[in-house]
Novice: 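Please read through the structure below; I'll follow up with questions.
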Amino acid sequence: IITGPATELLREACFSDDARLVVMHAPFGTGKSLTCRKLAIEMAKSWIEDPANSYFPILVDCPDLLRGHIDSVERAVIEHLRRAADLTEEAAKSIWQRQKVVAILDSFDEVEQSGPQAKRWVEDMQVAAENRRMRVIVATRPHAMKFEWLDSNDRLVEIQLFDEDQVNTWLRTTGNRVGPPDLTYR
């Protein structure tokens, strides 16, 4: 088990030489969405500082896009760019085709789909990430993705629940800025 800040572990897994798909796997309420947003912000800052050598992060909310007529990671990213940045189809395709991109797919587990549909999405993510310009990180709860769908070029980052001591330590170190001074784990 490797421990450390989740965003650092995800970056290391994402940019290892042989990685394709990175799966952030954790139970409900462990901060997957917050981690995805933080990771996207950190990667965006890196891209702004050095666009030629950095990956452009695209944070996609899976329940919003991975249904209906959206049938691939490419279509999900292009559609997300069209909606979020008010881009034309051609401009969004150009980003997908020319820019080094990290697609961060949040809340994969919240998409209503069968096992075979979920497996097809995982296979599509793996194919998309075969291109060295593309990286894919997907955040999900355990029930939505089977480990046997992953191969040796995929990485699994499992987020663990905090215990009572860890939560209370965090509350103390933040000066209880997140609530009343007497707020505790209980």
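All values below come from the heavy atoms of this structure, side chains included, with hydrogens, waters and symmetry mates left out.
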Novice: Quick one: closest heavy-atom pair of D106 and A139, and the distance?
Specialist: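 What the structure gives for the nearest pair is OD1-CB, 3.8 Å.
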Novice: May I ask you to check whether D124 and S72 show a side-chain donor-acceptor distance below 3.5 Å?
Specialist: no
Novice: Give me the ring orientation class for F56 and W47: parallel if the planes are under 30° apart, tilted from 30 to 60°, perpendicular past 60°.
Specialist: perpendicular
Novice: Looking only at heavy atoms, what is the nearest atom pair of W96 and R133, with distance?
Specialist: O-NH1, 2.9 Å
Novice: If you measure from the Lys or Arg side-chain nitrogens to the Asp or Glu carboxylate oxygens, is any gap between R75 and E89 under 4.0 Å?
Specialist: yes
Novice: Same cluster or not: F15 versus V22, using hydrophobic residues (I, L, V, M, F, W, Y) connected whenever any side-chain heavy atoms lie under 4.5 Å apart?
Specialist: yes
Novice: State the CE-OG1 distance between M43 and T7, to the nearest 0.5 angstrom.
Specialist: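 Between atom CE of M43 and atom OG1 of T7 there are 9.0 Å.
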Novice: Is there a path of hydrophobic side-chain contacts, each under 4.5 Å between heavy atoms of I/L/V/M/F/W/Y residues, joining F147 to V122?
Specialist: yes
Novice: Would you name the heavy atoms of P142 and A26 that are closest together and state the gap between them?
Specialist: CD-O, 3.4 Å
Novice: Considering the options D154, V127, N153, which one meets the side-chain contact (heavy atoms from CB on, under 4.5 Å) requirement together with L21?
Specialist: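 Exactly one option meets the side-chain contact (heavy atoms from CB on, under 4.5 Å) with L21, and it is D154.
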Novice: Is it true that a side-chain atom of T35 and a backbone atom of G31 form a donor plus acceptor pair closer than 3.5 Å?
Specialist: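 It does hold such a pair.
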Novice: Quick one about Q117 and S114 (side-chain donor to acceptor, distance below 3.5 Å, no hydrogens or angles considered), yes or no?
Specialist: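 Side chains of S114 and Q117: pair found under 3.5 Å.
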Novice: Are the side chain of Q126 and the backbone N or O of W149 linked by a donor-acceptor pair below 3.5 Å?
Specialist: yes
Novice: Would a single hydrophobic cluster contain both L156 and M145, if residues Ile, Leu, Val, Met, Phe, Trp and Tyr are joined by side-chain heavy-atom contacts under 4.5 Å?
Specialist: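 Yes, because M145 and L156 connect within a single hydrophobic cluster, where side-chain heavy atoms sit under 4.5 Å apart.
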Novice: Can you confirm whether more than 12 heavy atoms, excluding those of R98, are under 6.0 Å from its CZ atom?
Specialist: no
Novice: For the pair K38 (side chain) and S33 (backbone), establish whether a donor and an acceptor sit closer than 3.5 Å, ignoring hydrogens and angles.
Specialist: no
Novice: Of the non-hydrogen atoms in A129 and V136, which two are nearest, and what is the gap between them?
Specialist: CB-CG2, 4.1 Å
Novice: Can you find a heavy atom in the side chain of K32 that is under 4.5 Å from one in the side chain of T30?
Specialist: yes
Novice: Go through the steps to decide whether D109 and V111 satisfy the test side-chain contact (heavy atoms from CB on, under 4.5 Å), and finish with yes or no.
Specialist: CA-CA 6 Å; D109 54 288; V111 178; over 6 Å; no
Novice: Which pair of heavy atoms, one from M125 and one from V73, lies closest together, and at what distance?
Specialist: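 Scanning both residues, the minimum pair turns out to be CG-CG2, 3.6 Å.
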Novice: Flag the pair D151 and R20 as a salt bridge only when some basic side-chain nitrogen lies within less than 4.0 angstrom of an acidic carboxylate oxygen.
Specialist: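 Yes.
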Novice: Evaluate the criterion side-chain contact (heavy atoms from CB on, under 4.5 Å) for residue pair T140 and V23; output intermediate values, then yes/no.
Specialist: CA-CA 7 Å; T140 186; V23 178; 3.9 Å; yes
Novice: Starting at CD1 of I78, measure out to CG of L65 and round the result to the nearest 0.5 Å.
Specialist: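 Separation between the atoms: 11.5 Å.
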Novice: Which residues pass the side-chain hydrogen bond (donor to acceptor under 3.5 Å, both in side chains) test with R83, sequence neighbours left out?
Specialist: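 Applying side-chain hydrogen bond (donor to acceptor under 3.5 Å, both in side chains) to R83 gives D64, E79.
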Novice: Would F28 end up clustered with M24 when hydrophobic side chains under 4.5 Å apart are linked, directly or stepwise?
Specialist: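 Looking at the clustering, M24 is in a separate group from F28.
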Novice: According to a 4.5 Å side-chain heavy-atom criterion applied to Ile, Leu, Val, Met, Phe, Trp and Tyr, with indirect links allowed, do I41 and L10 form part of one hydrophobic cluster?
Specialist: no
Novice: Does S54 use its side chain to pair, donor to acceptor, with the backbone of S46 at less than 3.5 Å?
Specialist: yes
Novice: Using every non-hydrogen atom in the two residues, find where W121 and D71 come nearest and quote the distance to one decimal.
Specialist: CH2-C, 3.7 Å
Novice: Examine the side chains of R11 and S16 and answer whether a donor and an acceptor come within less than 3.5 Å of each other.
Specialist: no
Novice: Carefully, step by step, assess K45 and E49 under the rule salt bridge (charged side-chain N to carboxylate O under 4.0 Å, His left out).
Specialist: CA-CA 6 Å; K45 288 177 181 177; E49 291 173 10; over 6 Å; no
Novice: Evaluate K100 against R132 for side-chain contact (heavy atoms from CB on, under 4.5 Å), listing each step before the verdict.
Specialist: CA-CA 8 Å; K100 292 184 345 186; R132 298 308 292 168; over 6 Å; no
Novice: side-chain contact (heavy atoms from CB on, under 4.5 Å) between I58 and L81: does it pass, once the steps are laid out?
Specialist: CA-CA 8 Å; I58 301 173; L81 288 170; 3.9 Å; yes
Novice: Taking T88 for the side chain and A91 for the main chain, is one N or O donor matched with an acceptor at less than 3.5 Å?
Specialist: yes
Novice: State whether the side chain of H80 and the backbone N or O of L59 hold a donor-acceptor pair below 3.5 Å, judged by distance alone.
Specialist: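 Flag set: sc H80 to bb L59 pair under 3.5 Å.
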Novice: May I ask you to check whether over 12 heavy atoms, not counting those of K93, lie within 6.0 Å of atom NZ?
Specialist: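 Open: at most 12 neighbouring heavy atoms sit under 6.0 Å from NZ of K93.
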